[in-house]
Amino acid sequence: MGILTDIYNTVAKFFRPQEEQNDASKSVATNRLKLVLMQDRTNLTPKILEQMRGELIDLLSRYVEMDKELLELNFEQEGDQVALMLSIPVIRAKDEEEIEAACAKLNEENAEESSETVCEEAEGAENTEEDADVTEEVSETEEMSVSEEETAEKKTKKKSRKVSNPEGMNETERPEEPQDVVFDNSEA
Amino acid sequence: MTGRVIVITSGKGGVGKTTTSANIGTALAKDGYKVVLIDTDLGLRNLDLLLGLENRIVYTIVDVIEERCKLKQALVKDKKNPNLSLLAAAQTRDKSAVTAEQLKEICDTLKEENDFVLVDCPAGIEQGFQNAVAGASEAIVVTTPEMSAIRDADRIIGLLESKEEIKSYKLLLNRVRPSLIKSNEMMSVDDVVEILSCPLIGIIPEDTGIITSTNKGEPIVNDENALAGKAYRNVAQRILGEEVPFLDLDEPKGFMAKIKNAFAKLKAKV
């Protein structure tokens, strides 16, 4: 079987237009170069960039629900000016109650800012809340607490969200991983 | 007469600064302009080799600075073209033998009697670069479509921007291989220009003729048939202010050519 697929691939490659082939090498070079030049030009280290990314995610996830893994932070050159380009795949916008809740959390955080450990705990709590849609039970109870009237509406929303998310969202552990990464960096 | 002083620089070594200097200088001289080429790569001189003048050098730039000879005595005339002359670098000294002020003075003197003074800059961003740039008001940044060369060119462009004397700088993209660009294995001209955001003055295709022309000590612009020679002649025209379209470097598009290409690719893969 292996041989057959090999032959098929070789033949198929021959008939494919040239542009599609070996696309990786050139675009890899361009992307690596853009990143390294941006670092050269601005003196921003990868560490600082990652920190910035983490903080932006924290801020924006108060207002929208997004696919954090696909969030892209790039610098683009337009003429003499360097622009910071942030591309966020939005899953859905949060509604007012959720935003208020998130802001309230933030205010709490600010109040507790005096002791660092407490602050970190609060941040962690906030984040699990934001990702709560992962485990249906948790998110449901939370949304109930936000406003009981709209629960039905939200349930339907949640369903569509689940459909639009191709990854196995049943696994509760999975989405926590990128979160940890972000947090490690923002702490550093 | 006040000529133009153009420094040819790159940051990275081996991307074709010296070849570019020799060819643009020769092309401008062929057009009837008086040109002086200055090799500022002290200790690693090569411009004399590319012009085939290595046996004629008596005095070098260091001899001029240390007043062992007059500036005019140190200028070596080209074999073919009396409009072109070379001020060679000293081979036995290092970059510290010359200061930026001294080089600027030499450039200022030479531009009085010449249309063009082309300064061949050494690789790097240290003293040698600072010296070479000191007397120039224009710059040509040579790079190739490779990451390391582009990164160094970006650094050089940053340094040139900070120099008040440099009024304009342009990019010369060397050793371009259209077949690789077509198969997306090499950054395209547009990619490089976009990344560096620097106006382009020339695209020089990779040409094996460069090797033979270096072997013979004769710049490739003298070869009417070579594509790289034509590209360099176009650069000279653009320096003179003419609008010359960039060469179409695409491979021949006939049926037989396509088959040949396909076989060449297969062969390369095997």
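In what follows, every chain begins at residue 1, and chains take the letters A, B, ... in the order their sequences are listed.
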Could you list the residues that satisfy salt bridge (charged side-chain N to carboxylate O under 4.0 Å, His left out) with B/Asp120, not counting sequence neighbours? none

Could you tell me if the side chain of B/Asp191 sits less than 4.5 Å from the side chain of A/Lys26, heavy atoms only? yes

Of A/Val28, A/Leu37, A/Leu33, which meets side chain to side chain contact (heavy atoms under 4.5 Å, CB included) against B/Met147? A/Leu33

Quick one: closest heavy-atom pair of A/Lys34 and B/Glu194, and the distance? NZ-OE2, 3.6 Å

Spacing of CG belonging to B/Asn184 relative to OG belonging to A/Ser25, to within rounding of 0.5 Å: 8.5 Å

So which part of B/Met186 gets closer than 4.5 Å to some heavy atom of chain A, the side chain, the backbone, both or neither? backbone

Answer yes when B/Arg155 and A/Asp40 have at least one side-chain N-carboxylate O distance shorter than 4.0 Å, and no when they do not. no

Which side-chain N or O atoms in residues 129-136 of chain B pair as donor and acceptor under 3.5 Å with protein atoms at least two apart or in another chain?
unit_1: B/Gln130; atom_1: OE1; unit_2: B/Lys163; atom_2: NZ; d: 2.8
unit_1: B/Asn131; atom_1: OD1; unit_2: B/Ala100; atom_2: N; d: 3.1
unit_1: B/Asn131; atom_1: OD1; unit_2: B/Gln127; atom_2: NE2; d: 2.7
unit_1: B/Asn131; atom_1: ND2; unit_2: B/Val98; atom_2: O; d: 3.1

